[in-house]
Amino acid sequence: GAAAAAAALAAAAALRGRAGRPLSQAAGESGGSEGGGGSGSREAVERLVREHPVVVFMKGSPAQPLCGFSNAVVQILRLHGVEDYRAHDVLQDPDLRQGIKDYSNWPTIPQVYLNGEFVGGCDILLQMHQNGDLVEELKKLGIRSALLDAEKDQEKK
């Protein structure tokens with residue numbers, strides 16, 4: 001509902017505040033990835049994928065996805081009640097956009113990481129959602145999928 005949307009917006013704003021842009025600037029203005037510096041470097045990407053149990057690299061933000069596939073990932077996570085995750089907008093950071101593709105050896109965005117492990121993009125997440133694997137993977141992270149509670153409600157009726 002509206003409250004959930006407002007919460008998602010607030011979370012996105014908080015995320016933006018935390019994840020801001022200074023990261024890449026702090027590496028010096030060279031903009032190159034030499035010296036393991038910039039936001040696209042393997043070290044920088046590794047730090048990002050490990051900073052939270054659920055990390056999504058996407059186009060736009062959870063409150064305002066800028067591509068259908070990124071939107072689908074956000075919707076799937078929302079279905080499972082996963083509101084607490086890190087989202088990084090690759091459109092804000094070309095270095096990161098390339099860096100994450102190199103890191104995962106996966107050519108497209110969005111990319112989903114669970115516990116620092118690359119899971120896949122939209123199609124793989126959708127498949128995991130449909131076959132029940134996502135519920136299991138979230139459980140390993142100590143996240144209880146909202147779909148489990150939804151199923152219980154169905155059984156009661």
Side-chain angles (χ1 to χ4, degrees), residues 1-21 23-24 39-40 42 44-157:
L9 274 170
L15 260 175
R16 223 170 285 128
R18 265 206 304 284
R21 289 289 283 127
L23 257 175
S24 49
S39 57
R42 194 163 182 86
V45 170
E46 177 113 24
R47 239 189 332 267
L48 293 180
V49 302
R50 298 198 179 284
E51 75 179 352
H52 196 272
V54 184
V55 181
V56 179
F57 295 84
M58 62 183 290
K59 294 178 181 176
S61 66
Q64 222 176 353
L66 296 176
C67 100
F69 299 112
S70 289
N71 183 44
V73 163
V74 168
Q75 297 302 334
I76 291 167
L77 289 173
R78 189 169 292 153
L79 275 175
H80 288 266
V82 182
E83 297 285 347
D84 178 26
Y85 60 95
R86 292 282 181 282
H88 298 280
D89 180 0
V90 300
L91 297 180
Q92 301 290 328
D93 192 338
D95 283 348
L96 178 60
R97 185 176 185 171
Q98 189 52 50
I100 194 65
K101 292 177 185 180
D102 296 341
Y103 181 84
S104 59
N105 208 7
W106 187 260
T108 54
I109 306 287
Q111 293 188 13
V112 180
Y113 289 78
L114 298 178
N115 243 2
E117 295 289 316
F118 174 56
V119 172
C122 169
D123 45 354
I124 292 173
L125 199 68
L126 182 59
Q127 197 179 342
M128 289 173 66
H129 164 64
Q130 289 167 337
N131 66 18
D133 287 351
L134 188 54
V135 169
E136 291 307 309
E137 288 303 315
L138 290 172
K139 195 185 287 174
K140 288 181 197 166
L141 306 181
I143 300 170
R144 181 178 167 79
S145 168
L147 289 186
L148 291 172
D149 301 322
E151 280 163 21
K152 269 220 213 55
D153 291 346
Q154 289 301 312
E155 284 160 23
K156 273 188 220 125
K157 289 184 182 120

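Just so you know, these numbers come straight off a predicted model, no measurement behind them.
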Indicate the ring-plane relationship of His129 and His80, choosing parallel, tilted or perpendicular according to the 30° and 60° boundaries. perpendicular
CZ/Phe69: more than 12 non-hydrogen atoms of other groups inside 6.0 Å: no
Evaluate the side chain to side chain contact (heavy atoms under 4.5 Å, CB included) criterion for residues Glu136 and Met128: first the C-alpha distance (whole Å), next the side-chain angles of each, then the deciding distance (0.1 Å), finally the verdict. CA-CA 9 Å; Glu136 291 307 309; Met128 289 173 66; over 6 Å; no
Answer yes or no: does atom CD of Glu117 have more than 12 heavy-atom neighbours from other residues, nucleotides or ligands under 6.0 Å? no
Where do Arg78 and Pro62 come nearest, in terms of heavy atoms and distance? NH2-O, 3.8 Å
Is the ring pair Phe57/Tyr113 parallel, tilted or perpendicular, if the boundaries are 30 and 60 degrees? perpendicular
Just wondering, are more than 12 heavy atoms of other shown residues or ligands nearer than 6.0 Å to CD in Gln64? no
Side-chain donor or acceptor of Ser39 paired with backbone N/O of Asp95 under 3.5 Å: no
Please name the pair of heavy atoms, one in Leu79 and one in Leu147, separated by the smallest distance, quoted to 0.1 Å. O-CD2, 3.5 Å
Minimum side-chain heavy-atom gap His88-Val55 below 4.5 Å: yes
Are there more than 12 heavy atoms of other residues, nucleotides or ligands under 6.0 Å from atom CG of Asn131? yes
Restricting to non-hydrogen atoms, name the atom on Pro65 and the atom on Ser70 that form the minimum distance, rounded to 0.1 Å. CB-C, 4.3 Å
Between Ser104 (side chain only) and Ile100 (backbone N and O only), is there a donor and an acceptor less than 3.5 Å apart? yes
Could you grab the distance from atom CG of Leu96 to atom NZ of Lys101, nearest 0.5 Å is fine? 10.5 Å
Looking at Arg86, is its backbone amide N or carbonyl O close enough to the side chain of Glu51 to form a donor-acceptor pair, meaning the two atoms are under 3.5 Å apart? no
Minimum heavy-atom separation for Val56 and Tyr85, please, with both atom names. CG2-CD1, 3.9 Å
